[in-house]
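Each remark here refers to the structure printed beneath this line.
Residue numbers run from 1 in the order of the sequence given. Predicted, not measured: the structure shown is a model, and the values here were computed from it.
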Amino acid sequence: MPAQLKYVDPNRPRSLFSRAYAALANTRLGRFISIHVVWKVDPYLMRATRGRVGMGLVLPTALLETRGAKSGAVRRNAVIYLHDEDRVTIIASKAGDEKHPAWFHNLRAHPGVTFGGIPMRAAVVSDDAERRRLWALADRVFAPYAAYRREAAKASRTIPIVQLTAREPAP
């Protein structure tokens, strides 16, 4: 049976709890916990539970599997996502850090990824109008992205947006 990825409609209003959780994640303490606990524990927790349980709780997260750009070793990261018709959109925010997340570097080198157990192909969105449209959707799903963009801009970094499309699994 093929893997299923829960559909995340960016136009659906977020619950009060979801908005409160996102606001907490955007505090200094929330970012510290995300970086030093959640980002380290989530890949193991999500893999062990086949994606059913993650520390993101109410945030739509799934396990992204990339291959190391140099090593080729499988790397796993839990990332927030949303759907845009038949594509899945992920944001390489790294909480507004001055550097891109390692998984972004890896998927640029090896665009064949697995997301939520589904083989996919990654493409970086470069068109400015499309990026503006996707940011509007992403901000509805996770409001702190706006603050992350401001933080990244202070370091002259533009946060990448990646779209994933389904592909046939490797034989």
Below 30° counts as parallel, above 60° as perpendicular, anything between as tilted: where do the rings of Tyr81 and Phe115 land?
perpendicular

Kindly give the heavy-atom pair with the smallest separation between Lys40 and Ile35, and that separation in Å.
NZ-O, 3.7 Å

Between the side chains of Asn106 and Arg67, is a donor N or O closer than 3.5 angstrom to an acceptor N or O?
no

Between Ala78 and Leu63, the two heavy atoms sitting closest are N-CD1, 4.1 Å

Let's go through Thr114 and Met120 carefully: what are the C-alpha distance in whole Å and the side-chain angles of both, what is the deciding distance for side-chain contact (heavy atoms from CB on, under 4.5 Å) to 0.1 Å, and is it a yes or a no?
CA-CA 6 Å; Thr114 301; Met120 301 190 132; over 6 Å; no

Roughly how far apart are Tyr21 OH and Ser15 OG, rounded to 0.5 Å?
12.0 Å

All heavy atoms of Pro10 vs all of His83, minimum pair found to be CD-O, 3.3 Å

Tell me whether Thr27 contacts the main-chain N or O of Gly30 through its side chain, where contact means a donor paired with an acceptor under 3.5 Å.
yes

Measure from the side-chain N and O atoms of Arg14 to the backbone N and O of Arg12, and report whether any donor-acceptor pair falls under 3.5 Å.
yes

Give a yes or no on whether the backbone of Glu130 and the side-chain of Asp127 come within a donor-acceptor separation of less than 3.5 Å.
yes

Show, in sequence, the C-alpha distance, side-chain angles and deciding distance for Glu151 and Arg31, and conclude whether the side-chain contact (heavy atoms from CB on, under 4.5 Å) test is met.
CA-CA 12 Å; Glu151 288 297 315; Arg31 285 185 188 194; 3.7 Å; yes

Residues passing the side-chain contact (heavy atoms from CB on, under 4.5 Å) test with Pro101, sequence neighbours excluded, are Ala92, Lys94, Trp103, Phe104, Arg157

What is the distance from atom CG of Leu82 to atom CG of Asn11, rounded to the nearest 0.5 Å?
9.5 Å

Kindly give the heavy-atom pair with the smallest separation between Tyr148 and Ala25, and that separation in Å.
OH-O, 4.0 Å

For the residue pair Phe32 and His36, categorise the inter-ring angle as parallel (less than 30°), tilted (30 to 60°) or perpendicular (more than 60°).
tilted

Transitive ILVMFWY side-chain link Phe17 to Leu59, under 4.5 Å
yes

Trp135 vs Ile159 side-chain heavy atoms within contact, under 4.5 Å
yes

Please report the interatomic distance CG(Leu164) to CG(Leu64), rounded to the nearest 0.5 Å.
7.0 Å

Let me confirm one number: the CZ-CD1 distance from Arg133 to Ile161, rounded to the nearest 0.5 Å.
9.5 Å

Rounding to 0.5 Å, atoms CG (Leu137) and CZ (Arg132) come to a distance of 13.5 Å

Atom pair CD (Glu65) and CD1 (Ile118), whose distance is rounded to the nearest 0.5 Å
11.5 Å

Please determine whether side-chain contact (heavy atoms from CB on, under 4.5 Å) holds for the pair Val124 and Arg108, giving the CA-CA distance in whole Å, both sets of side-chain angles, and the decisive distance to 0.1 Å.
CA-CA 8 Å; Val124 179; Arg108 284 183 42 202; 4.1 Å; yes

Any carboxylate oxygen within less than 4.0 angstrom of a Lys/Arg side-chain nitrogen, looking at Asp139 and Arg149?
yes

Are Val125 and Val162 close enough that some pair of their side-chain heavy atoms sits under 4.5 Å apart?
no

Closest non-hydrogen atom pair between Thr158 and His100, with its separation:
O-CE1, 3.4 Å

Over all atoms of both residues, closest heavy-atom pair of Pro119 and Gly117
CD-O, 3.9 Å

Let me see the working for Ile90 and Ile80 under side-chain contact (heavy atoms from CB on, under 4.5 Å), right down to the final yes or no.
CA-CA 6 Å; Ile90 58 177; Ile80 297 171; over 6 Å; no

